[in-house]
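Letters A, B, ... mirror the listed sequences (proteins, then strands); counts begin at 1.
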2 protein chains.
Amino acid sequence: MGERILVVDDEPQMGRLLKTGLSARGYEVAVAVDGEEALDQAVRWKPDVIVLDLGLPLIDGLEVCRRIRGWSQVPIIVLSARDGEQDKVEALDLGADDYLIKPFGMDELLARIRVALRHSTRASVTEEPVLTFGELRIDRPRRIVTLKGQDIHLTPTEYELLRLLSSHAGKVLTHRTILRAIWGTSYEQDLPTLRVFITQLRRKIEPDPAQPTFILTEPGIGYRFQM
Amino acid sequence: MGERILVVDDEPQMGRLLKTGLSARGYEVAVAVDGEEALDQAVRWKPDVIVLDLGLPLIDGLEVCRRIRGWSQVPIIVLSARDGEQDKVEALDLGADDYLIKPFGMDELLARIRVALRHSTRASVTEEPVLTFGELRIDRPRRIVTLKGQDIHLTPTEYELLRLLSSHAGKVLTHRTILRAIWGTSYEQDLPTLRVFITQLRRKIEPDPAQPTFILTEPGIGYRFQM
DNA sequence: TGTTCTCATGAACAATTAATGAACATGTGC
DNA sequence: GCACATGTTCATTAATTGTTCATGAGAACA
């Protein structure tokens, strides 16, 4: 089935022209003639691309762009008669993905629509690097650690320490390496501090802190995170 | 620190110009003068965006574009002196993400680079237009917030802040991320301002602002909207 | 042009949270 | 049992965060 394209233009002639041209290429096309209708259609019809003329009555085209960006990442291709550099910069920074100056060629618009569609299919494949060790989950993009599904609150230092150890799971990290990585070179002798934080971390993430299963001690050397 | 931009241009003058302009904005810039070098740098240096001039010796610019697309999705912005529609269509269909005609304005190029970077860092956002969290309702297309059915008046900044946090519900957003998203890069150090707005928002949407249930503090990191 | 209003900003201070360092406890190998 | 390394607890200090309020910029209005 063809992808959905919402055309927003107040001039009926232009709307018809675009609708015809795009439909002929197999896209499903809807036309909105003002900002209110555009927002409404964007919510209800969920287009895959929006082609937005800036010269709108009622709500300004840029405002439409900003509002849609408040809740949706749908690609927006702006059409405008104004070719000033600042106009382009403003629209692009407000969330538009592309800016075409009228008059434009239909083939170019079609090519730019293909680029936009290519982007959205790509984005949906995004995966997140979440580390899982049994019941322990370290969601680095969200900076959230859970144990058995329960959120665990870690202080910044505790989190950094866990992140360092878990991202080198299986390897022994020496005291010195850890101290330098987290507190900097000037602290690299401060073993007592490291011990305090290891204790606190274990208390928070180990089922039985006295019998650690995640953070293992390598006597005389450092610590190792169990894979 | 700054994102990496690979500039591919055989004219030394143009290369220098771009390097200067982009470096001034805080980007890390490398320049390649032919196709071979461009491919090499793309593999080894892993740039975040490639700015590619089409008029290259040895390997044609379009060929560089095609080859990079064989293994990478890095955004490619093409620069060209040719403004024929078919030239644009060809480049865009070969994998280019944007096409600028020389001469172009530096501000426009910078804006289009920001668009490209936005695409690659695009975080997953709830695409549900209206968000509901218990008694709290956030109608993003209409920009209306209600608590227990009652309209809540939010200033523009307060609304943007609430929208940003709630659109990433469950995820921790760092102070820096929030400040950049709402006030722009130049404010990214201005924590006091952010605190004031967090306080005001809590006063308006939290049943008990001293015991927040929606906007949670992640000390040392940022804030998180409770899912 | 002045008046009123809203909102953003920055300073001052209070409240909260985290880091630090010392003291003491535990365990392990000899 | 004796060193030595490691673990734990806790009070103190430092840093971060929350709150209030005065100021001033800018918009809306007559």
Side-chain angles (χ1 to χ4, degrees), chain A residues 60 63 143 145 151-165 172-176 178-179 181-184 186-225, chain B residues 143 145 151-165 172-184 186-225:
Chain A
D60 173 56
E63 180 61 21
R143 214 216 91 113
V145 178
D151 270 31
I152 293 182
H153 176 77
L154 298 181
T155 70
T157 310
E158 288 161 6
Y159 179 80
E160 281 308 313
L161 181 55
L162 176 60
R163 207 171 79 86
L164 179 67
L165 291 169
V172 179
L173 296 178
T174 64
H175 300 130
R176 195 161 144 273
I178 299 171
L179 285 161
I182 294 181
W183 287 273
S186 53
Y187 280 74
E188 72 182 39
Q189 312 266 332
D190 193 356
L191 260 188
T193 295
L194 175 57
R195 293 210 182 98
V196 168
F197 280 94
I198 291 285
T199 298
Q200 288 176 352
L201 244 188
R202 280 177 174 157
R203 186 162 56 203
K204 289 182 179 180
I205 67 168
E206 296 280 3
D208 176 8
Q211 304 291 321
T213 58
F214 295 121
I215 300 173
L216 307 183
T217 302
E218 296 287 342
I221 305 188
Y223 296 92
R224 178 165 61 92
F225 196 90
Chain B
R143 299 196 146 216
V145 178
D151 269 33
I152 291 183
H153 175 74
L154 298 181
T155 70
T157 309
E158 286 163 5
Y159 176 80
E160 279 307 312
L161 182 55
L162 175 61
R163 187 192 58 69
L164 180 68
L165 290 169
V172 179
L173 297 179
T174 65
H175 300 128
R176 193 162 147 274
T177 304
I178 299 171
L179 285 162
R180 285 216 295 203
I182 294 182
W183 286 273
S186 52
Y187 279 74
E188 75 182 38
Q189 311 264 332
D190 193 357
L191 267 186
T193 295
L194 174 56
R195 293 208 184 98
V196 169
F197 279 94
I198 290 284
T199 299
Q200 288 175 351
L201 244 188
R202 280 178 174 156
R203 189 162 53 203
K204 290 183 179 178
I205 66 168
E206 297 279 1
D208 177 6
Q211 304 291 322
T213 57
F214 294 122
I215 300 173
L216 306 184
T217 302
E218 296 287 342
I221 311 292
Y223 296 92
R224 178 163 63 96
F225 198 90

Between [atom2] of [N] and [atom1] of [X], the distance in whole Å:
{"X": "B/Ile215", "N": "D/dG18", "atom1": "CD1", "atom2": "C1'", "result": "13 Å"}
{"X": "B/Asp190", "N": "C/dA8", "atom1": "CG", "atom2": "P", "result": "13 Å"}
{"X": "A/Glu218", "N": "C/dT28", "atom1": "CD", "atom2": "C1'", "result": "15 Å"}
{"X": "B/Tyr223", "N": "C/dT16", "atom1": "OH", "atom2": "C1'", "result": "12 Å"}
{"X": "A/Glu160", "N": "C/dA19", "atom1": "CD", "atom2": "P", "result": "11 Å"}
{"X": "A/Gln211", "N": "C/dT28", "atom1": "CD", "atom2": "C1'", "result": "14 Å"}
{"X": "A/Tyr187", "N": "C/dA19", "atom1": "OH", "atom2": "P", "result": "11 Å"}
{"X": "A/Leu191", "N": "C/dA23", "atom1": "CG", "atom2": "P", "result": "18 Å"}

Seminar exercise, completed: Of the listed D/dT17, C/dA18, C/dG21, the closest approach to the B/His175 side chain comes from D/dT17
For this session: Name every residue in residues 194-202 of chain B that has at least one heavy atom under 4.0 Å from any atom of DNA chain D, in order of residue number, or write none if there are no such residues.
Result: B/Arg195, B/Val196, B/Thr199, B/Arg202
Exercise. Do B/Glu206 side-chain atoms and B/Phe214 backbone N/O form a donor-acceptor pair below 3.5 Å?
Worked result: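 Between the backbone of B/Phe214 and the side chain of B/Glu206 there is a qualifying donor-acceptor contact (under 3.5 Å).
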For this session: Enter the inter-axis angle for the ends of the helix from C/dT1-D/dA30 to C/dC30-D/dG1 (five pairs per end, rounded to 10°).
Result: 30°
For this session: Indicate, with a heavy-atom threshold strictly under 4.0 Å, whether B/Pro219 touches base, sugar-phosphate, or nothing.
Result: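 Sugar-phosphate: the residue B/Pro219, judged by heavy atoms under 4.0 Å, touches backbone atoms but no base.
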Return a table of donor-acceptor pairs under 3.5 angstrom between the side chains of residues 156-164 of chain A and protein atoms on other chains or two or more places apart.
residue  : atom : partner  : partner atom : Å
A/Glu158 : OE1  : A/Thr155 : N            : 2.9
A/Glu158 : OE1  : A/Lys204 : NZ           : 2.7
A/Glu158 : OE2  : A/Lys204 : NZ           : 3.4

